[in-house]
Amino acid sequence: MERIRTINEAVQMIRKEDPESRISAYMIRQLAYNEKIRSIKSGSKVMIDFDSLLAFLQSKEYYLPMEQIKLV
């Protein structure tokens, strides 16, 4: 099961592991909008697949398709 998180939750999780991390909510949002990581958009809310974010940051392959999911 994927770990789906809001952008702010993802930033908090990364900073919990690495307090000096420079990863920002803006950066994660841009990765989602540019389809570099998997995300789900529901209205104006964007939730991301945390595992795909970690894979992207570690420059690893991620086995799920990198497509944006939009809920109406």
Side-chain angles (χ1 to χ4, degrees):
M1 174 177 275
E2 297 88 22
R3 295 186 290 172
I4 304 299
R5 302 290 185 266
T6 65
I7 292 173
N8 288 331
E9 289 171 341
V11 170
Q12 290 173 357
M13 290 174 72
I14 290 172
R15 291 205 175 137
K16 184 177 179 182
E17 289 293 318
D18 180 11
E20 296 182 19
S21 175
R22 298 295 179 234
I23 302 297
S24 67
Y26 178 79
M27 177 188 172
I28 296 173
R29 190 174 298 108
Q30 291 303 308
L31 292 173
Y33 289 153
N34 292 316
E35 298 183 3
K36 301 293 184 186
I37 60 174
R38 293 189 74 231
S39 63
I40 300 169
K41 185 171 183 181
S42 178
S44 63
K45 186 84 150 175
V46 176
M47 293 167 284
I48 57 128
D49 178 345
F50 189 71
D51 295 318
S52 75
L53 172 62
L54 292 180
F56 179 85
L57 294 174
Q58 296 171 355
S59 299
K60 293 182 181 176
E61 293 274 331
Y62 194 65
Y63 70 94
L64 293 173
M66 297 294 192
E67 57 191 31
Q68 186 87 329
I69 301 170
K70 296 180 183 173
L71 302 177
V72 179

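The structure displayed is predicted, hence computed values, not measured ones. Numbers here are sequence positions counted from 1.
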Handout entry: N/O donor-acceptor pair under 3.5 Å between S42 side chain and K45 backbone
Key = no
Exercise for the section: Mark yes or no for whether R38, through its side chain, and D51, through its backbone, hold a donor-acceptor pair below 3.5 Å. Expected result: no
Handout entry: Minimum heavy-atom distance between I4 and D49, given as atom pair plus value
Key = CD1-CA, 4.0 Å
Practice task
Before giving the answer on side chain to side chain contact (heavy atoms under 4.5 Å, CB included), spell out for R3 and L54 the whole-Å C-alpha distance, their side-chain angles and the decisive distance to 0.1 Å.
Solution key: CA-CA 11 Å; R3 295 186 290 172; L54 292 180; 3.6 Å; yes
Handout entry: side chain to side chain contact (heavy atoms under 4.5 Å, CB included) between I7 and I48, intermediate numbers included
Key = CA-CA 7 Å; I7 292 173; I48 57 128; 4.3 Å; yes
Exercise for the section: Identify the residue among M13, Q12, M47 that makes a side chain to side chain contact (heavy atoms under 4.5 Å, CB included) with R5. Expected result: M13
Handout entry: Atom of V46, atom of A32 and distance for their closest heavy-atom approach
Key = CG1-CB, 4.1 Å
Exercise for the section: Could you tell me whether the side chain of I37 reaches within less than 4.5 Å of the side chain of I28, counting heavy atoms only? Expected result: yes
Exercise for the section: Taking S21 for its side chain and I14 for its backbone only, find out whether a donor-acceptor pair lies under 3.5 Å. Expected result: no
Handout entry: Partners passing side chain to side chain donor-acceptor pair (under 3.5 Å) against E20 (at least two apart in sequence or in another chain)
Key = none
Problem - Flag if over 12 foreign heavy atoms under 6.0 Å of CD, E17 - result: no
Exercise for the section: Apply side chain to side chain contact (heavy atoms under 4.5 Å, CB included) to S24 and list each qualifying residue two or more places apart in sequence or on a separate chain. Expected result: Y26, M27
